[in-house]
Amino acid sequence: MKNFKTLSSLCLALTTLLNGQGALAADEPWMADARAVATAVPPKLLQVLTDAIAKSSAADAVTVCQDTAPRMAKAASEQSGWQVRRVSLRNRNPKAVPDAWERETLEDFDRRAAAGEAPASLERATVQTVDGKPLQRYMRALPTQGLCLSCHGPADQLAPGVAERLKALYPDDRAVGYSLGQIRGAMTLKRAP
Ligand code: HEC
């Protein structure tokens with residue numbers, strides 16, 4: 001038993017080393033918890049957007065997203081104890097800018113997707129030390145599906161009225177021009193255990 005423990009901690013140390021930047025490969029319970037939160041929110045938001053598009057238009061759904069997305073992240077944070085938000089290398093919400101680890105992880109996701117990994121299951125976790133205390137961090141990629149392109153696609157694939165609405169609400173928007181399956185951004189979670 002003791003040998004097993006030593007061996008598994010050695011494996012963990014090795015995988016940590018091999019992944020660089022302290023990315024953990026071995027699955028720890030806290031990662032499953034983060035994964036559950038990160039995978040629960042996007043389908044809920046997608047449903048709200050799908051309904052809004054069906055009821056009104058994609059242009060109106062842009063306004064719905066502006067209101068609903070941060071509200072859902074806040075609710076998930078309050079319910080789960082994780083700080084939940086979305087980030088992107090080409091953000092729309094001016095606050096959705098990645099920090100250093102998030103940026104490096106998004107770049108890692110792009111590389112792994114290009115190398116053939118399924119974009120929807122890309123994830124990365126680490127424990128950082130901040131002010132002498134551990135901080136658990138988890139990210140999960142958000143690839144585009146067909147519907148996303150009506151608000152994030154190239155100009156000729158944006159739904160009618162969307163470009164105008166985006167210009168009014170997000171004058172510095174960088175989140176258009178995406179193709180199907182491309183990684184649009186990621187869910188990012190952190191928690192001090
Ligand atoms: C109805 C238009 C619309 C659709 C459809 C849509 N989005 Fe967005 N998306 C937005 C808006 C508006 C924002 C900015 C929300 C905010 O202010 O927080 C946004 C923000 C994001 C962000 C946060 C980072 C950033 O750039 O601000 C991600 C990630 C994202 N969208 C991914 C997706 C994915 C993946 C899909 C499809 C499953 C999708 N979106 C579908 C309008 C849309």
Side-chain angles (χ1 to χ4, degrees), residues 34-35 37-78 82-114 117-125 137-190:
R35 185 179 300 120
V37 176
T39 50
V41 180
K44 281 190 211 156
L45 179 59
L46 187 59
Q47 190 58 54
V48 170
L49 294 183
T50 307
D51 291 349
I53 292 171
K55 221 172 86 191
S56 177
S57 67
D60 285 344
V62 169
T63 313
V64 172
C65 187
Q66 183 181 43
D67 168 64
T68 309
R71 209 157 34 78
M72 278 192 174
K74 193 163 170 257
S77 303
E78 283 164 5
W82 288 93
Q83 262 177 268
V84 183
R85 64 185 200 117
R86 296 189 299 174
V87 286
S88 173
L89 292 172
R90 276 165 43 198
N91 56 304
R92 174 161 293 169
N93 182 327
K95 289 192 214 150
V97 177
D99 70 12
W101 184 74
E102 289 165 335
R103 172 170 299 279
E104 193 205 287
T105 300
L106 286 163
E107 288 167 355
D108 179 59
F109 287 166
D110 281 339
R111 270 194 303 271
R112 284 159 63 189
E117 279 189 58
S121 52
L122 288 170
E123 58 174 5
R124 197 164 181 238
R137 307 199 63 175
Y138 174 89
M139 281 177 76
R140 191 168 184 96
L142 293 167
T144 60
Q145 311 166 21
L147 186 86
C148 317
L149 301 186
S150 48
C151 298
H152 293 294
D156 63 346
Q157 285 181 42
L158 294 178
V162 166
E164 292 73 15
R165 192 68 63 98
L166 289 175
K167 207 168 160 203
L169 296 178
Y170 302 94
D172 299 320
D173 182 32
R174 299 162 68 209
V176 289
Y178 283 84
S179 52
L180 194 63
Q182 195 180 349
I183 296 168
R184 173 62 270 279
M187 296 294 294
T188 177
L189 282 71
K190 61 181 174 185

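Only heavy atoms go into these numbers, but all of them, side chains included; no hydrogens, no water, no symmetry mates. Note that ligands are numbered from 1 as they come in the structure, with each ligand's atoms numbered from 1 the same way. Nothing here was measured: the structure is a model prediction, and the numbers come from that model.
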Can a salt bridge be assigned to the pair [X] and [Y] using a cut-off of 4.0 Å between side-chain N and carboxylate O?
| X | Y | value |
| --- | --- | --- |
| Arg111 | Glu107 | no |
| Lys55 | Asp51 | no |
| Arg137 | Asp99 | yes |

What's the shortest distance from [atom] to any protein heavy atom, and which residue and atom give it?
| atom | value |
| --- | --- |
| atom 3 (C) of ligand 1 | Cys151 SG, 2.8 Å |
| atom 14 (C) of ligand 1 | Tyr170 OH, 3.4 Å |
| atom 27 (O) of ligand 1 | Asn93 N, 2.8 Å |
| atom 20 (C) of ligand 1 | Arg86 NH2, 3.2 Å |
| atom 25 (C) of ligand 1 | Arg92 N, 3.3 Å |
| atom 35 (C) of ligand 1 | Pro143 O, 3.5 Å |
| atom 38 (C) of ligand 1 | Cys148 SG, 2.6 Å |
| atom 29 (C) of ligand 1 | Leu142 CD1, 3.6 Å |

Using a 4.0 Å cutoff against the non-hydrogen atoms of [X], which atoms of ligand 1 qualify?
| X | answer |
| --- | --- |
| Leu147 | 5 (C) |
| Ala96 | 24 (C), 25 (C), 27 (O) |
| Leu49 | 4 (C), 6 (C) |
| Ala58 | 1 (C) |
| Pro70 | 18 (O) |
| Val62 | 1 (C), 2 (C), 12 (C) |

Worksheet entry | Nearest heavy atoms of Cys151 and Val62, plus distance in Å |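 Shortest heavy-atom contact: SG-CG2, 4.0 Å.
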Practice prompt. Provide the closest heavy-atom pair for Ile53 versus Ala61 in the form atom of the first, atom of the second, distance.
Written response: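 Scanning both residues completely, I find the closest heavy atoms to be CG1-CB, 3.6 Å.
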Worksheet item: Heavy atom under 4.0 Å from ligand 1: found in Leu46's side chain, backbone, both, or neither?
Response: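 Within the 4.0 Å criterion, Leu46 contacts ligand 1 through side-chain atoms alone.
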Contact check, side chains of [X] and [Y], non-hydrogen atoms, under 4.5 Å:
| X | Y | value |
| --- | --- | --- |
| Lys74 | Ser77 | no |
| Arg86 | Leu45 | yes |
| Arg92 | Leu169 | no |

Fill in: Heteroatom proximity flag, Gln145 to ligand 1, N/O under 3.5 Å
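Between Gln145 and ligand 1 (N or O atoms, distance only) the closest approach is not under 3.5 Å.
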Discussion item. If you apply the rule salt bridge (Lys or Arg N to Asp or Glu O under 4.0 Å), what do you find for Asp67 with Arg71, and how did you get there?
Written reply: CA-CA 7 Å; Asp67 168 64; Arg71 209 157 34 78; 3.3 Å; yes
Worksheet item: Among Ala59, Cys65, Ala61, which residue places a heavy atom closest to atom 11 (C) of ligand 1?
Response: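 Checking each option, the heavy atom nearest atom 11 (C) of ligand 1 is found in Cys65.
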Item to complete: Assess His152: does it contribute an N, O or S atom lying under 2.8 Å from atom 8 (Fe) of ligand 1?
Response: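 Checking His152: at least one N, O or S atom is under 2.8 Å.
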Practice prompt. Ignoring hydrogens and angles, state whether a donor on the side chain of Arg165 or Thr63 is under 3.5 Å from an acceptor on the partner side chain.
Written response: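 Result is yes, a qualifying pair exists.
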Worksheet item: Is there a salt bridge (Lys or Arg N to Asp or Glu O under 4.0 Å) between Glu102 and Lys190 once you walk through the steps?
Response: CA-CA 11 Å; Glu102 289 165 335; Lys190 61 181 174 185; over 6 Å; no
